[in-house]
Amino acid sequence: MKNGDHLFLVDGSGYIFRAYHALPPLTRKSDGLPVGAVSGFCNMLWKLLKDARNTDVGVVPTHFAVIFDYSSKTFRNEIYPEYKANRSAPPEDLIPQFGLIRQATKAFNLPCIEKEGYEADDLIATYARLAVEAGGDVTIISSDKDLMQLVNHKVSMYDGMKDKQISVPEVIEKWGVPPEKMIDLQSLTGDSTDNIPGIPGIGPKTAAQLLEEYGDLDALLARASEIKQQKRRENIIAFSDQARLSRELVTLKNDTPIDVALDALVLEPQDGPRLIGFLKAMEFTSLTRRVAETTETDAALIEPVPVETQWGADAHGPDLQTGVSAEATPEEVMGGAAAMPATPVAPEGPENTPAVLARSRAEAATAEKIDTTAYVCIRDLATLQAWIDEAVENGIVAFDTETSSLFPMEAELIGLSLALAPGRAAYVPLAHKSGAGDLLGGGMLENQIPLDQALAALKPMLEDRSVLKIAQNMKFDWLLMHRYGIDITPFDDTMLISYALDAGPGGHGMDSLSERWLGHKTIHYKDVAGSGKSAVSFDMVDLERATAYAGEDADVTLRLWRVLKPRLVAEGAVSVYERLERPLVTVLARMEARGISVDRQILSRLSGELAQSAAAIEDEIYQLAGERFNIGSPKQLGDILFGRMGFPGGSKTKTGQWSTSAQVLEDLAAAGHELPRKIVDWRQLTKLKSTYTDALPGYINQETGRVHTCYAMAATSTGRLSSSDPNLQNIPIRTAEGRKIRTAFIASPGNKLISADYSQIELRVLAHVADIPQLKQAFEDGVDIHAMTASEMFNVPVKDMPSEVRRRAKAINFGIIYGISAFGLANQLSIPREEAGQYIRTYFERFPGIRDYMDATKAFAREHGYVETIFGRRAHYPEIRSSNPQMRAFNERAAINAPIQGSAADIIRRAMIRMDGALAEAELSARMLLQVHDELVFEVSDDEVDKTISVVRHVMENAAMPAVSLSVPLQVDARAAQNWDEAH
DNA sequence: GTCCGACCGTA
DNA sequence: TTACGGTCGGACG
């Protein structure tokens, strides 16, 4: 920058709020996305830049930047915690616009500048100083009085909305003091919107008058006793410290660290097609036309670029509080009734609606052939950098990693692939071995970019908030890269998009999605790495095959995204994806990374005890049976029990074998037979040993010494998570023997485990969605729900109720949630089917609303093929129209269960998404470790137990709010102890 | 070596 | 009667 150059600095954050309130609301036609502030912003930028190229106008920028606030916490909060504390969260329809305006800035080919810990105003002050020192002039595009202190003969302001210049005379005219006294003036008056205290009773007029008389703030405070007006004098003396503090707060910091040099702000030529791509996506038709004319671009040839919208707490805007009021989307606020159909946006004509776009994308995707030999293998840094640059330019890139393991906490990076456009993908090998002839696997292959250099090159792009990273199952890649010091943001996940759209039968793996949506059979991992004993690690795969395989993964992921993402809007699944799926990815990844401490000694001792007990029982079994056989083989066991020994066979399995289930064996035992009892006991012991005490130690991670389960986000049809490797959602609890295994899950020294679980969450959800007065009242009163049910059904008082009566009512309550049948209930309670049927009839008489709800849900599912949770998550049951009565009945029961189980699953997801923020807000160091459907397990320092329990309980009990206001209270029981058994 | 059914642990 | 994942045995190729 040199003499005569002119820097324009746009106060982006200030503009967003001002435009939002000043301009009429505007939404994108096709899907209702709020874009009023974005529209105003684009029009203003266009006007500024158009004038800039018109040399008839006096002021021509040579340098240009748009500056944003990054977060609400800045150094000012250190000085004064109350700074801006009175700000409420931004309006919900403004939230997605923060990100869009940053994207707009990029589309205008302008630098987008922000820095964590600093306000936009400080960055503006810093750049203004640098520019003036370099001999340039500065125009700040803002009308914020906080910036007026910067005005001088080289620096002026411009109000883009009023088309008004603000120089030294305008400041004096408006405030009665010259710009250099604005700081003192604001220190005296304070500022209610920023919660800056100032001195009570002093407004701008008085302040200006005082400064005129005494010169500056210090002189005024020093000579305060001379002031004639009594009240004013007393206040200034009493609140002088407050004025000095205010001065610190309002004084802009003009020496903040900056990441982008002044000279890098030089104004680049407009990129017409890029800008038009964005404007078309926003559906700003008239501005699109004007830009097309001016840049001589044929807008018809340009596709709208996909834009990233962030609704939640990830969205960066100034003063975005973590409070719940900020989080409801319009879609959520309007939704909320269970099993109500979300209205898909109906295509009303040939215009470009989301539904039309989604359909055309789907058609195009199957038509395009995929050539896996066309991918590039990148082996030098310069080429990688060129791809990265293009990704940044593009704003979108599909990303995939190849690793040494499917366990993300053990996996090491072997290579990664990128895709910039369909068919344009590259593989970057990073740790392939030469493999030639050497039994030890050979040395490292030549000509690979060193891992640290590749990661250093990729990190800025992977963390660049203007570049959308797309992956299939991002949690894996996120956790892996997190371990390499990179936190990917922002991202989309094709697996989760598919799940939000199409949960039901059928998975969401890349291979099946590719086949379904692209009509393309992917290369299977087995085909490149082999399988079983002959399988090799991916680092031994030759680069040609590795490139085809890995490149295809990225290519297919990108293509899937292009097909699936538009469907979210078209089919009303945006809210589920944005509020329940995407934000959970990093929450779960961090939980997996933390792991939980497991005591190896306890497990090993238990294994020994179990082995001994099992061996003893084994001998008795052989004695009783009169021969040795494999007790673990249901086939052999059935032959002996029901064949040779002639026990009365209970039921047969579907393969025609005698069933040897615990139920059958228990019945025989109850009839006085000794052997079946022994078998049941033996089964329990060996199950505990093989599944838990023997297996768990093998999952203890070498480096962390902890067990890191893996959560599957898209494995169930209802919205529940599942856990595997190891499954920590089925650790025993029902029997005393089993519970011992829980004692091996421990808190690290100085810590406790907290277990917090929802009490009867599914029955509470049922009471809410089916609107059952007695159930709601019972939960309101906090009474024993099963006893209440029994009392209603059997006309017995709750007091001194026989336990068997309560047990039956409990079975019925669960039966209701599961889509009850007389057959199932009879089985569960070991009573005749007729009796079970009578129970159900009685239940429906007492609670007619339940029958209505079940009938309505079934009818809804038959009509639409899916059901919905209270948050709009859909579960599809296409087979509910099957002509097979068994199949149909099964799907009906599942359809009744899904909204209940799924709503409960959604509630705990919401709690989990908010939990880390709430704990941080309360300055608690507790770590969330595990989720078991209605339970969360935390590890917390001994001295923070009580506070943590109260925060956790608050978050969990209010998790449905504000999207859904449940008509039943949620109750959370929480306890802390040294191990999981005692905590639960 | 791979797949499936039976069984059983959890919510 | 709902939703999962792990282990085992045994049949298949």
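Just so it is clear, the structure is predicted and the values come from calculations on it, not from any experiment. In what follows, chains are A, B, ... by sequence order, proteins preceding strands, each numbered from 1. The figures here come from the full heavy-atom set of this structure, side chains too, leaving out hydrogens, waters and symmetry mates.
- Of the candidate nucleotides C:dG5, C:dT1, C:dT2, C:dT1 has the atom nearest to the side chain of A:Ala811.
- Distance check: A:His876 NE2 to A:Asn891 CG gives 13.0 Å after rounding to the nearest 0.5 Å.
- Between A:Asn897 and C:dA3, a side-chain N or O to OP1/OP2 separation shorter than 4.0 Å is absent.
- For the pair A:Lys687 NZ and C:dC8 C1', the interatomic distance rounds to 9 Å; values are reported in whole Å.
- Between A:Leu825 atom CG and C:dT2 atom P there is a gap of 13 Å when expressed in whole angstrom units.
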Under the side chain to side chain contact (heavy atoms under 4.5 Å, CB included) criterion, do A:Met645 and A:Leu675 qualify, and how do the steps go? CA-CA 10 Å; A:Met645 299 186 71; A:Leu675 180 55; 3.5 Å; yes
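- The residues A:Arg644 and A:Glu627 are annotated as salt-bridged, a charged nitrogen and a carboxylate oxygen being separated by less than 4.0 angstrom.
- Atom CD1 in A:Ile816 sits about 9 Å away from atom C1' in C:dT1, given to the nearest Å.
- Looking at heavy-atom distances under 4.0 Å, A:Gln657 makes no contact with the nucleic acid at all.
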Below 3.5 Å between N/O atoms, which protein atoms pair up with nucleotides 11-13 of chain C? Just atom names and distances, please.
none

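- The pair A:Arg851-A:Glu845 does not meet the salt-bridge criterion, since no charged nitrogen lies less than 4.0 angstrom from a carboxylate oxygen.
- Within the 4.0 angstrom heavy-atom criterion, only backbone atoms of the sugar-phosphate kind lie near A:Phe890; the bases stay farther away.
- A:Ala826 comes within 4.0 angstrom of no nucleic acid atom, judged by non-hydrogen atoms across all strands.
- By the neighbour-count criterion of 12 heavy atoms within 6.0 Å, atom CZ of A:Arg807 is densely surrounded, having more than that number from other residues, nucleotides or ligands.
- Within the nucleic acid shown, A:Ala898 has no heavy atom closer than 4.0 Å to any nucleic acid atom.
- Following rounding to the nearest Å, A:Ile908 (CD1) and C:dA3 (C1') show an atom-to-atom distance of 14 Å.
- Residue A:Gly632 is in sugar-phosphate contact alone, with no base atom involved, counting any heavy-atom pair closer than 4.0 Å across all strands shown.
- In this structure, the ring of A:Tyr843 has its center less than 6.0 angstrom from the ring center of A:Phe847.
- In the region residues 523-531 of chain A, proximity to DNA chain B at under 4.0 angstrom, judged on heavy atoms, holds for A:Lys526, A:Ser531.
- Within a 6.0 Å radius of CD in A:Gln612, other residues, nucleotides and ligands contribute 12 heavy atoms or fewer.
- If you take CE of A:Met854 and P of C:dT2, they are 11 Å apart, rounded to a whole angstrom.
- Remark: A:His708 NE2 to A:Ile700 CD1 distance equals 10.0 Å, nearest 0.5 Å.
- Put simply, chain A comes within 4.0 Å of DNA chain B, heavy atom to any atom, from B:dG1 to B:dA11, going 5' to 3'.
- A:Glu762 and A:Arg720 are joined by a salt bridge, as a carboxylate oxygen and a charged side-chain nitrogen come within less than 4.0 angstrom of each other.
- A sub-4.0 Å separation between OP1 or OP2 of C:dT7 and a side-chain N or O of A:Thr691 is absent.
- Stacking of A:Tyr818 onto the six-membered ring of C:dT1 is not present when judged by under 5.5 angstrom between centres and under 30° between planes.
- In this structure, A:Leu766 places its CG atom 14 Å from C1' of C:dT1, rounding to the nearest Å.
- With respect to A:Arg909 and A:Glu581, a salt bridge is recorded, a charged nitrogen being found less than 4.0 Å from a carboxylate O.
- Ion pairing between a basic and an acidic side chain is recognised when a charged N comes within 4.0 Å of a carboxylate O; A:Glu666 and A:Arg677 show such pairing.
- Between the CG atom of A:Leu513 and the CD atom of A:Gln472 there is a distance of 5.5 Å, given to the nearest 0.5 Å.
- In this structure, A:Arg893 atom CZ and C:dT1 atom C1' are separated by 6 Å, rounded to whole Å.
- Distance A:Asn630 CG to C:dT7 C1': 13 Å, rounded to the nearest Å.
- Nucleic acid contact class of A:Arg683 (heavy atoms, under 4.0 Å, all strands): sugar-phosphate only.
- Counting non-hydrogen atoms of neighbouring residues, nucleotides and ligands closer than 6.0 angstrom, the CD atom of A:Gln838 exceeds 12 such neighbours.
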